[in-house]
Structures are given as structure tokens and as C-alpha cells.
Amino acid sequence: MLNIKKKRVLSGIQPSGDLHIGNYFGAIRQHIALQEDNECFYFVANYHALTSIQEKEKLEDATFKVALDYLALGLDPQKATLFIQSDVPEVTELAWILSNVTPMGLLERAHSYKDKIAKGISPNHGLFAYPVLMAADILIYDSEVVPVGKDQKQHLEMTRDIAIKFNHVFGETFVVPEELIMPEVAVVPGIDGQKMSKSYGNTIEIFADYKTLKQKVMSIVTDSTPLEAPKDPDKSNVFALYKLFATPEETEAMRQKYLAGGYGYGHAKKELLAKIWDYFAEARERREHLLQHRDIVHDVLKEGAKKAREKAREVMERVRSHCGILRFNPDA
Ligand code: ADP
Ligand code: TRP
């Protein structure tokens with residue numbers, strides 16, 4: 001039988017708030033699907049989140065919840081490795097080492113840094129060095145494929161530049177990773193019709209309680225076409241969201257109702273609400289169970305950390321030896 005080597009896939013998820021439907025269709029779903037045929041490492045990027053969350057409880061809570069939600073949504077710890085970034089502290093050591101082959105100009109050109117400055121966020125070193133830590137996250141596990149959204153494309157290119165530069169200066173050390181930009185099909189609109197994003201306050205959370213979910217779905221912005229009139233499904237946010245959850249037949253049925261008239265946005269919203277609620281029903285149950293048994297989540301994270309750290313230590317030995325960083329402490 002042909003033995004196809006599984007690829008090492010890695011991605012990080014920032015714990016910056018409750019996960020929403022945009023995150024699900026734009027990232028989480030693909031992450032989970034990749035566990036079937038690859039060796040996946042997924043981690044909660046809590047060191048990165050320090051650039052935006054500087055409240056102890058908030059960061060702790062958000063970190064745990066990302067892990068909880070991934071498990072609830074189908075991440076299988078038998079297939080994929082899930083861990084918290086800070087459980088592999090070697091990554092910050094590598095970030096320092098990489099800093100020394102990272103030109104200032106490269107970091108100064110980073111869109112996400114420039115965007116944040118433009119928004120009036122006062123820059124600190126963490127924000128500026130963010131892409132170097134991200135490069136360390138990727139390179140420390142010999143990652144081959146890094147599935148990210150379009151917004152992270154530049155960070156990945158920077159990672160590749162840093163790896164190539166390091167290999168040039170110190171000799172072949174790092175695997176230069178490929179990117180895998182997750183498909184654009186899934187740009188999920190928010191309740192105001194713009195791209196769904198925490199920063200626009202237009203999100204529908206995956207695990208919102210029913211009352212909140214209903215309130216959010218009912219407030220999706222629609223135009224003022226009267227109930228009796230035919231409506232263009234392709235201009236409707238409600239329809240765009242419904243399509244994500246429904247089967248092709250159900251989608252077609254709703255399309256026909258829009259076109260026929262006599263079907264109001266209120267009706268469509270009710271159907272959407274039922275679909276979202278059902279779609280995540282199983283995940284919601286699993287999540288409730290895990291919330292009652294947090295130890296299960298903790299154990300998964302402990303195991304994940306062990307596995308990830310083992311790999312990171314191996315790569316760090318290679319890195320230190322290639323650049324002449326000596327160590328005499330046997331416990332380090
Ligand atoms: P937010 O914009 O809410 O801060 P993040 O930037 O943390 O979301 O996104 C995490 C992941 O989810 C990224 O891979 C991103 O591409 C994806 N994602 C976020 N919002 C959407 C959306 N509306 N449609 C598709 N993918 C999205
Ligand atoms: N910067 C990524 C984001 O905001 C999160 C992240 C951190 C990441 N380290 C990573 C993604 C390594 C992929 C690989 O979405």
C-alpha cells in the first residue's frame with residue numbers, strides 16, 4: 001500500500017473573545033476537517049492575546065474557552081494535538097533568536113501593525129514583534145502547512161522570509177512552511193451586512209444562548225421590501241447566512257420563496273434561527289458536558305502540551321546548536 005506521509009499542519013487561534021459563526025465557517029471547520037488526513041497541531045495563542053487583553057480573568061477565561069469550544073465542535077484529541085501556546089515556553093526563546101535575523105523594515109511593513117497604529121492603539125514592542133513570535137510558533141514544530149485566513153497571509157510570508165534568512169545565515173535548520181489560505185467562499189456577513197468580526201460588533205456567537213441568538217438573528221439588517229413583494233435572495237444577509245447551514249435543497253426552497261413574494265424577512269429569520277440552533281445542537285451538548293467535567297479539557301491540554309513540547313525541544317536543540325547558544329543546565 002502506498003504510504004503517504006501525513007503533513008504537519010499547524011495553526012494558532014487567538015483567545016480574543018467568544019467564537020462566532022464567521023470564525024466557524026472561515027477557520028474552525030477547516031481546522032477540524034484537516035485532522036482526518038494530517039498531523040495537526042492547534043494551539044490557543046495566549047501570548048499573542050496579551051497584545052490586546054491585559055486583564056487576568058479575561059485572558060484566562062478566553063484561553064480556556066477556545067480549547068473548550070474546539071473540543072465541543074469536533075476537534076478529536078486522538079487525531080489532533082491541542083495545546084496552549086504558553087505551555088511551550090521555548091517558543092519565546094525562539095522568538096528572541098529569530099529577532100536577530102528579522103530586519104526592522106520587514107516588521108515596519110506589517111499591515112496588521114500599521115492598521116492597529118492607524119486605529120489609535122498605542123504601539124508597544126509586543127505588537128511590533130508579533131510576527132516574530134508567530135514565526136517562532138510555526139517554525140518550532142517543523143510545520144509544513146499553515147491554514148490561515150487571508151488577513152494572516154502577510155504574517156506567513158514574513159515567517160517564510162525569516163526561516164530562509166536563518167537557514168542562509170546559520171545553515172539548513174528550519175522547514176520553510178507552505179501556506180494554505182482558507183477559501184474565500186466563506187466570508188460570512190455579520191448582522192449589519194459587513195464581514196462578521198468582533199471588531200465590528202456584528203457577530204453571532206456559536207454558543208450564544210437561545211434568547212441572545214434569537215435577538216441577534218432578528219436584528220439582521222434587511223431592506224424595506226414589503227412582505228408581499230418578491231425579493232432578491234442574493235442581496236439578503238439572512239439568505240447568505242441560511243445557505244451556510246442548510247442543505248442545497250433547503251437553500252433552493254428558500255430561494256423560491258424569496259422570488260415568489262408573500263414571504264417576509266421575518267419568516268426567513270425564523271427559519272435561519274432554527275437552523276443555527278439545530279446545527280450546533282450536538283456541539284452545545286458536548287460543550288455542556290465538558291463544562292461540567294473541566295478535567296477532561298485540562299487533560300487534553302496537558303497531553304497536547306507534552307506532545308508539542310517534545311517536538312519543540314527537539315527543534316530547539318537543532319537551533320541552539322546551529323547558532324552557538326550554549327547551555328550547561330541539565331534541567332533547562
Ligand atoms: P475577528 O475578525 O472576529 O477578530 P479573527 O480575526 O480572530 O476574527 O479570525 C479568526 C479566524 O476566523 C481567521 O482565520 C479569520 O479569517 C476567520 N474569520 C473571521 N471572521 C470571518 C468571517 N466573517 N468570514 C470568514 N472567516 C472569518
Ligand atoms: N495571528 C493569528 C491570528 O490572529 C494567530 C496565530 C498566532 C497563528 N500564531 C500563529 C496562526 C501561528 C497560525 C500560525 O489569527
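For ligands, and for the atoms within them, numbers begin at 1 and follow the listed sequence.
For Lys195, the heavy-atom gap to ligand 1 drops under 4.0 angstrom.
The contact set between ligand 2 and Val146, taken as ligand atoms under 4.0 Å from a residue heavy atom, comprises 13 (C), 14 (C). Within the listing of ligand 2, atoms 1 (N), 2 (C), 3 (C), 4 (O), 15 (O) sit less than 4.0 angstrom from a heavy atom of Gln152. Below 4.0 Å from some heavy atom of Gly149 lie the following atoms of ligand 1, by number and element: 14 (O), 16 (O). For ligand 1, the atoms sitting less than 4.0 Å from at least one non-hydrogen atom of Met196 are 20 (N), 21 (C), 22 (C), 23 (N), numbered in the order shown with element in parentheses. Ligand 2 places these atoms under 4.0 Å from at least one heavy atom of Asp137: 7 (C), 9 (N), 10 (C), 12 (C). Counting the atoms of ligand 2 from 1 in the order shown, those under 4.0 Å from a heavy atom of Gln14 are 4 (O). For ligand 2, the atoms closer than 4.0 angstrom to any heavy atom of Tyr130 are 1 (N), 2 (C), 3 (C), 4 (O). Per-residue contacts place His48 under 4.0 angstrom from the following atoms of ligand 2 (heavy atoms of the residue considered): 7 (C), 9 (N). For ligand 1, the atoms sitting less than 4.0 Å from at least one non-hydrogen atom of Val187 are 24 (N), 25 (C), numbered in the order shown with element in parentheses. Applying the 4.0 Å criterion to heavy atoms of Ala27 picks out, from ligand 1, the atoms 11 (C), 12 (O), 14 (O).
Salt bridge status for Asp61 with Lys65: present, with a side-chain N to carboxylate O gap under 4.0 Å. Salt-bridge formation is detected for the pair Lys311/Asp142: a Lys NZ or Arg NE/NH1/NH2 atom is positioned less than 4.0 Å from an Asp or Glu carboxylate oxygen. Using a cut-off of 4.0 Å between Lys/Arg side-chain N and Asp/Glu carboxylate O, Arg255 and Asp234 are scored as salt-bridged. Contact check on Lys5 versus Glu144 returns a salt bridge, with a Lys/Arg side-chain nitrogen under 4.0 Å from an Asp/Glu carboxylate oxygen. Residues Lys307 and Glu303 are not paired through a salt bridge, judged by the lack of any N-O separation under 4.0 Å between the basic side chain and the carboxylate. Look at Asp209 and Lys214 and you find no salt bridge, because none of the NZ, NE, NH1 or NH2 atoms lies under 4.0 Å from a carboxylate O.
The CG atom of Leu68 sits 7.5 Å away from atom CZ of Arg294, with the distance rounded to the nearest 0.5 Å. In this structure, OG1 in Thr212 is found 8.5 Å from CD in Glu205, a value given to the nearest 0.5 Å.
The proximity of Lys150 to ligand 1, defined as any non-hydrogen pair under 4.0 Å, does not occur for either the backbone or the side chain. When heavy-atom distances to ligand 1 are checked against a 4.0 Å cut-off, Asp151 comes that close only through its side chain, counted from C-beta outward. With a 4.0 Å heavy-atom cut-off, ligand 2 is reached by no atom of Asp151. The proximity of Gln85 to ligand 2, defined as any non-hydrogen pair under 4.0 Å, does not occur for either the backbone or the side chain. Of all the heavy atoms of Leu133, none lies under 4.0 Å from any atom of ligand 2, so neither backbone nor side chain is involved. Residue contacts with ligand 1 for Ser197 involve both N, CA, C or O and side-chain atoms from C-beta outward (heavy atoms, distance under 4.0 Å). In Tyr141, neither the side chain nor the backbone holds a heavy atom less than 4.0 Å from any atom of ligand 2.
The ring of His298 has its center closer than 6.0 angstrom to the ring center of Phe64. Proximity of the aromatic rings of Tyr113 and Tyr130 is defined here by a centroid distance below 6.0 angstrom, and this criterion is not met. Checked against the 6.0 Å centroid threshold, Tyr24 and Phe280 count as a close aromatic pair.
Geometric assessment of Arg8 against the ring of Phe41 yields a positive cation-pi assignment under the 6.0 Å and 45° thresholds. A cation-pi geometry, defined here as NZ or CZ lying under 6.0 Å from the six-membered ring centre and within 45° of its normal, holds between Lys231 and Tyr265.
Ranking protein heavy atoms by distance to atom 6 (C) of ligand 2, first place goes to Gly12 O, 3.8 Å.
Checked by atom type, the side-chain pair Glu39/Tyr141 shows no donor-acceptor distance below 3.5 Å. Between the side chains of Asp137 and Tyr47, not a single donor N or O lies within less than 3.5 Å of an accepting N or O.
Of the polar atoms of Ser16, none of the N or O atoms is found under 3.5 Å from an N or O of ligand 1, judged by distance alone. Between Ser11 and ligand 2, not a single N/O pair is under 3.5 Å apart. Taking only nitrogen or oxygen atoms, main chain and side chain alike, Gly22 reaches within less than 3.5 Å of ligand 1. Between His155 and ligand 2, not a single N/O pair is under 3.5 Å apart.
One option in Thr159, Leu156, Ile138 has a heavy atom closer to atom 14 (C) of ligand 2 than any other, and that option is Ile138. The closest non-hydrogen atom to atom 19 (C) of ligand 1, taken over Asn23, Ile28, Asn202, comes from Asn23.
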